[in-house]
Amino acid sequence: MNYKALAERLLPGEYPPLESYEEKYPPRNLPKGAEVTRLAPSPTGFIHLGNLFAAIANERIAHQSGGILYLRIEDTDLKRKVDGAVEAVKNALRYFDIKFDEGAEIGGDDTYAPWYQRQRAEIYRAFVKHLVEEGRAYPCFCTEEELSALREEQTAKKEVTGYYGKYAKCRNLSEEEIYRNLDEGKPFVIRLKSLGNPENKRKFRDEIKGDITVPENDQDVVILKSDGIPTYHFAHAIDDHFMRTTLVIRGEEWLASLPIHIELFEALGFERPRYGHNCSLMKQDGESRRKLSKRKDPELSLEFYRKEGYFARAVKVYMLTLLNSNFEEWYRKNPEAPLESFKFSAGKMSKSGTLFDLDKLNDISKDELSKLSAEEMFDFLKTWADEYGTETQKGYFVDREKMLNTLTLCMGIGGKKRRKDFTTASQAMEFIKFFFERTPQEDEYRCDQETRVAVLTSFLKKYDPADDGQTWFAKVKETAAENGFAAEMKEYKTNPENYKGSVADVAEILRIATTGRANTPDLCTIQQILGEKETRARIKAQL
RNA sequence: GGCCCCAUGGUCAAGCGGUUAAGACACCACCCUUUCACGGUGGUAUCAUGGGUUCGAAUCCCGUUGGGGUCACCA
């Protein structure tokens, strides 16, 4: 077989010599130990927590080693393309402070561009042509129908499915048959002529999983599709070589195709990058758990977290605690240190699937939010409200002074202990709402109407907006005593049967009457800020 | 089904041949309390299973079971 002629027929025309690509995309001039990592999404525009999870790992590893993180767009499949996707991905990641050094629409060093795989067609084809010339790749004319028939046959016979060995029909086509097919204008793909045998196992060192065994590949995988564009596997080998990637951190779902990638790198004569296959973020689905999916879990999209107003740093801290098990302890000891100063390590990444735990995220969110100053909170909430808030909510920010005071009170700034009442911007906006209007009753009074009216009436009689906190609370106690409630907690606890309840219950009645809720900051201060008129009006309305 | 990965409380997990098997979230109780929160203290709860190896196993080996991933001209 004249492979040279076949290659020319399959991929006609002059291609630059292979070495020229080595020169065009030279090894990077980086300090020793610097890692080059990448994020390589397909342009569906959809990005979820699992993607962020991997993104943070790649970003940390690149930047803490003095290396490079770049963005490559894997757009070899037109069906996946969505307009504006690259912008969407960049925005989502920027929100979480993932910064690229170079890549699609990033700017920076363009030595290794283009960053869209579709624009790299020539490089791929040059190397495919080379493989054909060497007899390591061949055209395949099988139709979709033939292929699926083959599948069924193999399934029925309980054999491994795929295009390999004796099932690789086109592998053994004669020269005449090939040219006849070509002359008839039959569409074709180009497949790798695999030399492997899955019975042979190889030791492989994975940066996350450690030593694993990998069977040799024997699948004659498609490397160039009938539209002349490579498949993921082939593009991966070419791109990660010429973009000089040193470490590929990618999802565990790729582990199964590692044998293909190993063979491809060897066939091309490239040194391969190191790999780390990270566990997927899982979701509880009824009895079992499964990996996060774009289709089934839209609520886990990054967009969802922005809409809810999750604090980016909190999400990042949570991801980091999942990513590196020693992070949490480090963070506890170094609460003030920038997150970047944590020594991230691929070897510390979990080997088994991790269930996403919203409770934990929420806890971290409260902590992170409680560290903000009133101004920082103002900015955080305003940014959120500008994009996602209602008109009413946007209005809260008009009177900056009032908003700042409100936040100061609601966050417990200046008090002994910071409050931690809300998890997200949208929750925060709900929480502070009673300042601007009495919220519709969220919590029910836990007493009968008669008691409530009696309590409120006697409080109203004593109420004086000029009272300071102590005097105010003394009056709450009096109100309690007058209505059969214990004024002192201790007294109530020793003889609960003597009372209807304690001063706490009275305070709750007043709180609900004033705000609509049982959970608010200091009630006395709230009433002061609301003013006498508003306070009286709100309470009277509850009689 | 074949192949590969994984296995410590409800969840995230420390542990690397000898520990009372850390810690965090959640849950419960109590304490603090000028109410709501915050905070503090304590508690419930884990080494999937069967065999080895060893004086000694959560830790090493093998089997079993269970969970996950993957088997496209998708990435």
Side-chain angles (χ1 to χ4, degrees), chain A residues 40-44 74-80 117 140 142-144 147-148 151 154-155 158-163 187-191 198 201 206 208-209 212-215 219 221-227 229-233 235-236 250-259 277 279-280 282 284 288-291 318 321-322 325-326 328-329 331-332 350-364 366 370 410 412 415-421 469-470 472-474 476-477 480 489 502-511 515 517-524 526:
Chain A
S42 58
T44 58
E74 312 229 315
D75 56 355
T76 54
D77 183 17
L78 247 20
K79 292 190 289 296
R80 289 188 164 222
Q117 290 182 324
C140 168
C142 290
T143 61
E144 244 175 82
L147 258 16
S148 60
R151 257 182 88 83
Q154 289 166 330
T155 310
K158 293 197 194 308
E159 292 192 47
V160 176
T161 56
Y163 209 79
F188 64 89
V189 299
I190 296 190
R191 291 182 182 270
K201 312 289 180 191
D206 186 275
I208 294 170
K209 301 214 176 267
I212 57 175
T213 63
V214 183
Q219 293 279 341
V221 290
V222 173
I223 55 179
L224 201 68
K225 302 189 273 191
S226 55
D227 62 358
I229 296 295
T231 54
Y232 166 83
H233 307 298
H236 155 55
R250 48 146 61 154
E252 202 170 27
E253 67 272 20
W254 292 107
L255 208 47
S257 39
L258 186 59
H277 292 90
C279 65
S280 341
M282 312 290 276
Q284 194 70 39
S288 64
R289 41 171 73 179
R290 58 170 169 73
K291 122 184 168 187
Y318 176 53
T321 72
L322 292 183
S325 49
N326 53 331
E328 197 166 9
E329 195 188 342
Y331 193 46
R332 227 160 250 284
S350 175
K351 292 182 191 180
S352 49
T354 294
L355 201 61
F356 177 74
D357 183 3
L358 196 62
D359 280 331
K360 182 86 178 180
L361 204 212
N362 287 342
D363 180 67
I364 292 173
K366 288 183 181 180
S370 77
C410 289
K416 315 127 275 239
K417 293 280 164 52
R418 294 287 293 250
R419 300 183 61 92
K420 297 178 181 176
D421 296 285
Q470 263 186 350
W472 179 87
F473 195 70
V476 175
K477 283 184 175 179
M489 265 321 247
S502 74
V503 64
D505 300 302
V506 173
E508 183 180 287
I509 295 168
L510 283 169
R511 171 169 275 115
T515 68
R517 285 207 311 251
N519 172 16
T520 73
D522 180 70
L523 187 54
C524 175
I526 289 172

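Just so you know, these numbers use all the heavy atoms, side chains as well, and skip hydrogens, waters and symmetry mates. A, B, ... follow the sequence lines: proteins, then strands. Residue 1 opens every chain.
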* To do: Sticking with atom P, work out how far C47(B) lies from C25(B), rounded to a whole angstrom.
  => 23 Å
* Select one nucleotide: of U70(B), C6(B), C5(B), the one nearest the side-chain heavy atoms of Lys351(A). => C6(B)
* Just how far, in rounded Å, is C1' of A7(B) from CD of Glu252(A)? -> 13 Å
* For the side chain of Asp522(A), counting heavy atoms from C-beta on, which of U35(B), C5(B), C12(B) is nearest? -> U35(B)
* Asked: How close or far is atom C1' of C36(B) from atom NZ of Lys420(A), stated in whole angstroms?
  -> 16 Å
* Structure fact -> Picking from C71(B), G23(B), U11(B), the nucleotide nearest the side-chain atoms of Glu328(A) would be G23(B)
* To do: Report yes or no: is there a donor-acceptor pair, N or O only, under 3.5 Å between the side chain of Arg80(A) and the base of C74(B)?
  => yes
* Asked: When the C1' atoms of C61(B) and C16(B) are considered, how many whole Å apart are they?
  -> 16 Å
* **Leu523(A) side-chain proximity, nearest of U35(B), C73(B), G67(B)** => U35(B)
* C25(B) OP1/OP2 closer than 4.0 Å to side-chain N/O of Lys366(A) -> no
* To do: Have a look at Val222(A) and say if it touches a base, only the backbone sugar-phosphate, or nothing, with a 4.0 Å heavy-atom cut-off.
  => sugar-phosphate
* Would you mind checking if Asp77(A) and Lys79(A) are paired as a salt bridge, meaning a charged N to carboxylate O distance below 4.0 Å? => yes
* From A26(B), G2(B), A7(B), nucleotide with atom closest to Val160(A) side chain -> G2(B)
* Asked: Which part of the nucleic acid, if any, lies within contact of Ser350(A), taking any heavy atom under 4.0 Å across all strands shown: a base, the sugar-phosphate backbone alone, or nothing?
  -> sugar-phosphate
* Side-chain (Tyr318(A)) to main-chain (Asp357(A)) donor-acceptor, under 3.5 angstrom -> yes
* Identify whether any heavy atom of Ser370(A) sits under 4.0 Å from a base atom; if not, whether one sits that close to sugar-phosphate; answer base, sugar-phosphate or nothing. => nothing
* Whom does C71(B) pair with, Watson-Crick or G-U wobble, provided both distances fall under 3.5 Å? -> G1(B)
* **Between C1' of C12(B) and CG of Leu358(A), the distance in whole Å** => 14 Å
* Structure fact -> Atom NZ of Lys79(A) and atom P of C73(B) are separated, to the nearest Å, by 11 Å
* Asked: Looking at Arg419(A), does any N or O in its side chain come under 4.0 Å of the phosphate oxygens OP1/OP2 on G39(B)?
  -> no
* What nucleic acid atoms does Lys158(A) come within less than 4.0 Å of, heavy atoms only: base, sugar-phosphate, or nothing? -> nothing
* With the side chain of Asp363(A) defined as its heavy atoms from C-beta on, choose the nearest nucleotide among A26(B), G69(B), U35(B). => A26(B)
* Give Lys477(A) one of three labels, base, sugar-phosphate or nothing, depending on what nucleic acid heavy atoms sit under 4.0 Å from its own. => nothing
* On a plain distance test, is the side chain of Arg517(A) in donor-acceptor contact with the base of C36(B) below 3.5 Å? -> no
* Return the 5'-most residue of the pair Val214(A), Met282(A) with respect to RNA chain B, ranking by each residue's nearest nucleotide. => Val214(A)
* Asked: Quick one: the side chain of Gln470(A) and the base of U34(B), do they pair up donor-acceptor inside 3.5 Å?
  -> yes
* Are Lys225(A) and C74(B) close enough that a side-chain N or O sits under 4.0 Å from OP1 or OP2? -> yes
* Asked: Just checking Cys410(A): base, sugar-phosphate only, or nothing, at a heavy-atom cut-off of under 4.0 Å?
  -> nothing
* **For atom NE2 of His236(A) and atom P of C74(B), their distance in whole Å** => 17 Å
* Is there a side-chain polar atom (N or O) of Arg332(A) under 4.0 Å from OP1 or OP2 of A14(B)? -> no
* So what does Ser325(A) hit on the nucleic acid, given a heavy-atom distance under 4.0 Å: a base, only sugar-phosphate, or nothing? -> sugar-phosphate
* To do: Could you give the distance separating A22(B) and U46(B) at their C1' atoms, to the nearest angstrom?
  => 13 Å
* Asked: Can you check the Met489(A) CE to C36(B) P distance for me, whole Å?
  -> 7 Å
* To do: Just compare G23(B), U11(B), A37(B) and give me whichever is closest to any side-chain atom of Lys417(A).
  => A37(B)
* Asked: When you measure from the side chain of Lys360(A), which nucleotide among C5(B), C25(B), G68(B) comes out closest?
  -> C25(B)
* Asked: Where the side chain of Arg511(A) is concerned, which of G69(B), C36(B), U11(B) is the nearest nucleotide?
  -> C36(B)
* **Donor-acceptor contact below 3.5 Å, side chain Lys225(A) vs main chain Thr76(A)** => yes
* Touch check for Thr161(A), heavy atoms < 4.0 angstrom, all strands: base, sugar-phosphate only, or nothing? -> sugar-phosphate
* To do: Select from Leu361(A) and Ser226(A) the residue whose nearest nucleotide in RNA chain B is closer to the 5' end of that strand.
  => Leu361(A)
* Asked: Where the side chain of Lys291(A) is defined as all heavy atoms beyond and including C-beta, which of A37(B), C74(B), G69(B) is the nearest nucleotide?
  -> G69(B)
* A13(B) phosphate, OP1 or OP2: any side-chain N/O from Thr354(A) under 4.0 angstrom? -> yes
* Asked: Is Thr76(A) near enough to A75(B) that one of its side-chain N or O atoms lies under 4.0 angstrom from OP1 or OP2?
  -> yes
* Asked: Within the structure, does a side-chain N or O atom of Arg191(A) lie under 4.0 Å from either OP1 or OP2 of C73(B)?
  -> yes
* Touch check for Glu329(A), heavy atoms < 4.0 angstrom, all strands: base, sugar-phosphate only, or nothing? -> nothing
* Using a cut-off of strictly less than 4.0 Å, decide whether Thr321(A) has a side-chain nitrogen or oxygen near OP1 or OP2 of C25(B). => no
* Nearest-angstrom distance from the residue atom CZ of Arg289(A) to P of U11(B) -> 6 Å
